[in-house]
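Read the structure below first, then the notes.
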Amino acid sequence: MSLSSLTPEGQQLLEIRAHSSSDLWFPARNFTCLSLNGTAIDQAECNFGPTYFDITKASTAGDLAPLNVTNNFNISYGDGEYATGTGYIGSVGFAGITVANTEFSVVEQAYWEGDTVTDGLIGFANPLLTSIFSGSDPTVDNSTNAREYLPWFYQANADGLVSPCE
Amino acid sequence: MLVFALLTGVIATGSLAAPASRGASRQPALVTAPNTIPITAVVPRSQRKKDQLNRHIAMIRAGVDDRWAGDGAAYEFFGPGSGVEYAVNVTVAGQNVSVIFDTGRSAAS
C-alpha cells in the first residue's frame, strides 16, 4: 500500500494505492463477529448484508467440497478489517460465466465494518495475492505457508471460459 | 486484455482495441463487452470504516504500523467525496451472495 496526495479541482485528496485482492469470500451463517482487538461481539455489529451463506445446505446438496488439504483463509485489509475461515471448492457464477470448480472461502471470524448490504467481497488481482494458507492456525500464517490458487477469473481463463489477461 | 469499466452502473469485461494508426487518439476504443455485471447497489462507506481507514493512514504516515501494507485492498473508487462500495451478485454453489467488487483503490479527503 502506498499513499499519494492529489488536488483535482482544488480539492486535496489522499489516494491509497492498494494492491487489490484476489479472493472471493463471504461469512457463514454462524460466523463470529470480532471487535478490532479480537473480542467476540454481537454478530450484528459486523453489519453484513441480510443473506448469509448456508454452508450446511450447500454441503448437503454436494454443491461444494472442502479443499483436499488442511487450510485456513486469512486476510487483512488496508483499513484494518480482517477475516479468517476455510477454503472450499465449488461452482461460482459471475457476469454470466459459471466456473464449475473454483476456490473460495467461507469466513468463520471477522472484524468487519460492513454496509448492511454486502455479504463478502470478490477480488480480481492475481494468484500471488490469494490468502489461503496451509495448516489450520491463522495465527502462524506467513509467506512460508501461503498456498497460492487460481482466483475466479484465472480459473475461468484456465477453463477456457474467458480470454487471458495480457 | 481484461477491462473492467464502470459505465452507467454496469461493469463490463472485454478487450481494448488498439488505436487505428500512430498519431491517432491515445484513447483506445472500447469494444462491445461480451459480459456485463450489473451493479446492484452503491453503498456509502460507514463512518466507522472511514475512521478506521484514517487511523491506519496516520499510522502509515508516521511509520508506526505497516502490518497491512501490501496485503489486501481498499475497495472504493477514487473520487471527490469518495467512500462508496459497489455491490455485485455472485452465485456460489447455487446460492446468491451480494459481495463488494474490489476495485483496489480508495481515497480519503
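Letters go in sequence order (proteins before strands), and every chain restarts at 1. Worth saying up front: this structure is predicted, and the values here are computed from it rather than measured.
Inter-residue side-chain proximity for A:Thr51 and B:Asn96 is flagged as unmet; no heavy-atom pair is nearer than 4.5 Å.
Among B:Val88, B:Asp102, B:Val92, the one residue that satisfies the side chain to side chain contact (heavy atoms under 4.5 Å, CB included) test with A:Ile122 is B:Val88.
Residue with the most contacts toward chain B among A:Asp119, A:Thr98, A:Asp23: A:Asp119 (heavy-atom pairs, distance under 4.5 Å). In terms of non-hydrogen atom pairs under 4.5 Å with chain B, the most contact-rich of A:Thr116, A:Asn47, A:Asp54, A:Val99 is A:Asp54.
Of the atoms belonging to A:Trp152, not a single heavy atom falls under 4.5 Å from chain B. For chain B, the nearby parts of A:Phe53 are the backbone and the side chain; heavy atoms of each come within less than 4.5 Å. Contacts between B:Val90 and chain A at a heavy-atom distance below 4.5 Å involve backbone atoms as well as side-chain atoms. Looking at A:Ser91, both its backbone and its side chain come within 4.5 Å of chain B, counting heavy atoms on both sides. Using a 4.5 Å cut-off between heavy atoms, B:Ala87 touches chain A through backbone and side chain atoms alike.
B:Val97 and A:Phe124 fall within the same hydrophobic cluster, where Ile, Leu, Val, Met, Phe, Trp and Tyr residues are linked whenever their side-chain heavy atoms come under 4.5 Å apart, directly or through other members. Put simply, A:Ile55 and A:Val92 are part of the same group of oily side chains (I, L, V, M, F, W, Y) that touch within less than 4.5 Å, one to the next. Neither A:Phe133 nor A:Leu150 shares a network with the other; the hydrophobic side chains, linked directly or stepwise wherever heavy atoms of I, L, V, M, F, W or Y lie under 4.5 Å apart, form separate groups for each. No continuous path of ILVMFWY side-chain contacts below 4.5 Å connects A:Val117 to A:Tyr77, so the two sit in separate hydrophobic clusters. A:Tyr111 and A:Ile41 fall into different hydrophobic clusters, defined by Ile, Leu, Val, Met, Phe, Trp and Tyr side-chain heavy atoms under 4.5 Å apart, directly or through other members.
Heavy atoms only, all atoms of each residue included: A:Thr118 and B:Ile100 are closest at OG1-CG1, 3.4 Å.
The distance from the CD atom of B:Gln95 to the CG atom of A:Asp63 is 8.0 Å, given to the nearest 0.5 Å.
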